[in-house]
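In what follows, a single structure is set out as structure tokens and then discussed.
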Amino acid sequence: MTSTTDAALHAAHDRYRASHPLSAAAHERARAVLPGGNTRSVLHFDPFPFRVAEAAGAELVDIDGNRYTDFLGNYTAGLLGHSPPSVKSAITDALERGWTFGATHEVEIELAELISARFESIEQVRFTNSGTEANLMAIGTAKHATGRSGVAVFDSGYHGGVLGFGPDPDGPHSALNVPHDFRVGRFDDIEGLNSLIGDDVACVLVEPVQGAGGCRPASVPFLEALRQRCTDVGAVLIFDEVMTSRLAPGGAQEQFGVVPDMTTLGKYLGGGTTFGAFGGIRSLMSAFDPSLGGALTQAGTFNNNIVSMSAAVASVTHELSPARIREVNQRGDRLHAELAAVFDDARSAGLPTGSVYPTGVGSMICLHCPDDRLLELLFHHLLDEGLYIARRGFMALSMAITDSHVDQLVAAVKRWATSPLLPELEA
Ligand SMILES: *Cc1c(COP(=O)(O)O)cnc(C)c1O
């Protein structure tokens, strides 16, 4: 049965198909050799995703020539905007000197110094190729240090492609998860911590603000209670700051005033290149120092690859100043507040769009809606207006997004929220 909402979605898909013929053809070509037409499942949306031809600053251009202001910022990895000159020249300079050494070099030292100076919990650090890998290594380090097997995580937590947890602690969770002895607790539930974290738990892995879980911030009392409980039972507290380290110069641990034993990093810190890192207090990280009797070896052909190391050094040195980090997050706070006001007004006016609401902290924002088709309509409306966010409502401001881009997004959302053409939602 076709409802008015379904009919509106149908029309949105038809409009999208008409303006994206080359992406449509590319999708069919892709599906023959890439299951689902892609190699990163989150990038799919119906009827098919546009294919990017090029990007610069805050703008994406697809192969059909459509232009979008990029409010997704590659799920936080694109914090610097597209092709920042300082990172581009650091990469090209590095390439002049060769790029696959099978040997150590000095750039990795410089990056480790920069990162340990920036994040309070990190005395020593090691690099990986992704945030997923960083979390796997941190868990392994904690299990080794404690001789315990339990790994406590929280509902809707996302720590990578093999570490994904559903909204119900009892499951289901990602079928691709690695087989650790996971204990899944309720996020932000202080009462539940004592039973969740016993003396058989090696570590607790938590995002201070859940990213993929819908930009859900933990309360400071929860993080403080978590810190205390881990100290009491001797479990390693790991903050997954792959996303949240962008929220303040010293990461969410600085912003919330709670210092973990280990921290994992990734995404934007590589300046948009392949990147991950895990670090922590010396007593834990020394497990990787054979001269101190450490028994762990961390493998990874590309762990110190010169492209990522050079791009990360340039990013931290030239782009990620405390002032600029504060600025992008303040701009996110403004966008968040203005979006909330748009939907509050719609709610007061009794409009169906009043069921949409934003969550998040600083430059991480997510729009939620109990009716997913309504959210999809908003997503397609924004594409029609040349504005790109994640299909699931997520956005991550980049430093290339200006106040006027923010004003454009708010105005576009407002046009949609108050549109008389929008269908009434059937009960
Ligand atoms: C993206 C993400 C990861 C995984 O990082 P990849 O580089 O995609 O493997 C881990 N944790 C959080 C919180 C993330 O947002």
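The basis for the numbers below is simple: all heavy atoms, side chains too, and nothing from hydrogens, waters or symmetry mates. Position 1 is the first residue of the sequence, and the numbers go up from there. Order of listing sets the numbers, starting from 1, for every ligand and every atom in it.
Here E376 does not pair with R373 in a salt bridge; the nearest charged N to carboxylate O distance is not below 4.0 Å. Ion pairing between a basic and an acidic side chain is recognised when a charged N comes within 4.0 Å of a carboxylate O; R216 and D155 show such pairing.
At under 3.5 Å, a nitrogen or oxygen of T132, whether backbone or side chain, sits near a nitrogen or oxygen of ligand 1. Between K267 and ligand 1, at least one pair of N/O atoms sits closer than 3.5 Å. Looking at ligand 1, you'll find an N or O of G131 within less than 3.5 Å of one of its N or O atoms.
Each of the following atoms of ligand 1 lies closer than 4.0 Å to a heavy atom of H159: 10 (C), 11 (N). For ligand 1, the atoms sitting less than 4.0 Å from at least one non-hydrogen atom of M243 are 15 (O), numbered in the order shown with element in parentheses. Listed by number with element, the atoms of ligand 1 under 4.0 angstrom from any heavy atom of E207 are 13 (C). Listed by number with element, the atoms of ligand 1 under 4.0 angstrom from any heavy atom of G160 are 4 (C), 10 (C).
Side chain of T273 to backbone of G270: a donor-acceptor contact under 3.5 angstrom is found. For D189 (side chain) and F222 (main-chain N/O), no donor-acceptor pair under 3.5 Å exists by modelled atom type.
When heavy-atom distances to ligand 1 are checked against a 4.0 Å cut-off, N135 comes that close only through its side chain, counted from C-beta outward. When heavy-atom distances to ligand 1 are checked against a 4.0 Å cut-off, Y75 has no atom that comes that close, whether in backbone or side chain.
For the residue pair H405 / T402, a side-chain donor-acceptor distance below 3.5 Å is found, with atom types taken as modelled.
Below 30°, between 30° and 60°, or above 60°: for F187 and F154 the angle between ring planes is above 60°, a perpendicular geometry.
Partners of D200 according to the salt bridge (Lys or Arg N to Asp or Glu O under 4.0 Å) rule, which considers only residues two or more places apart in sequence or in another chain, are R183.
The shortest contact between atom 11 (N) of ligand 1 and any protein heavy atom is with D240 OD2, 2.7 Å.
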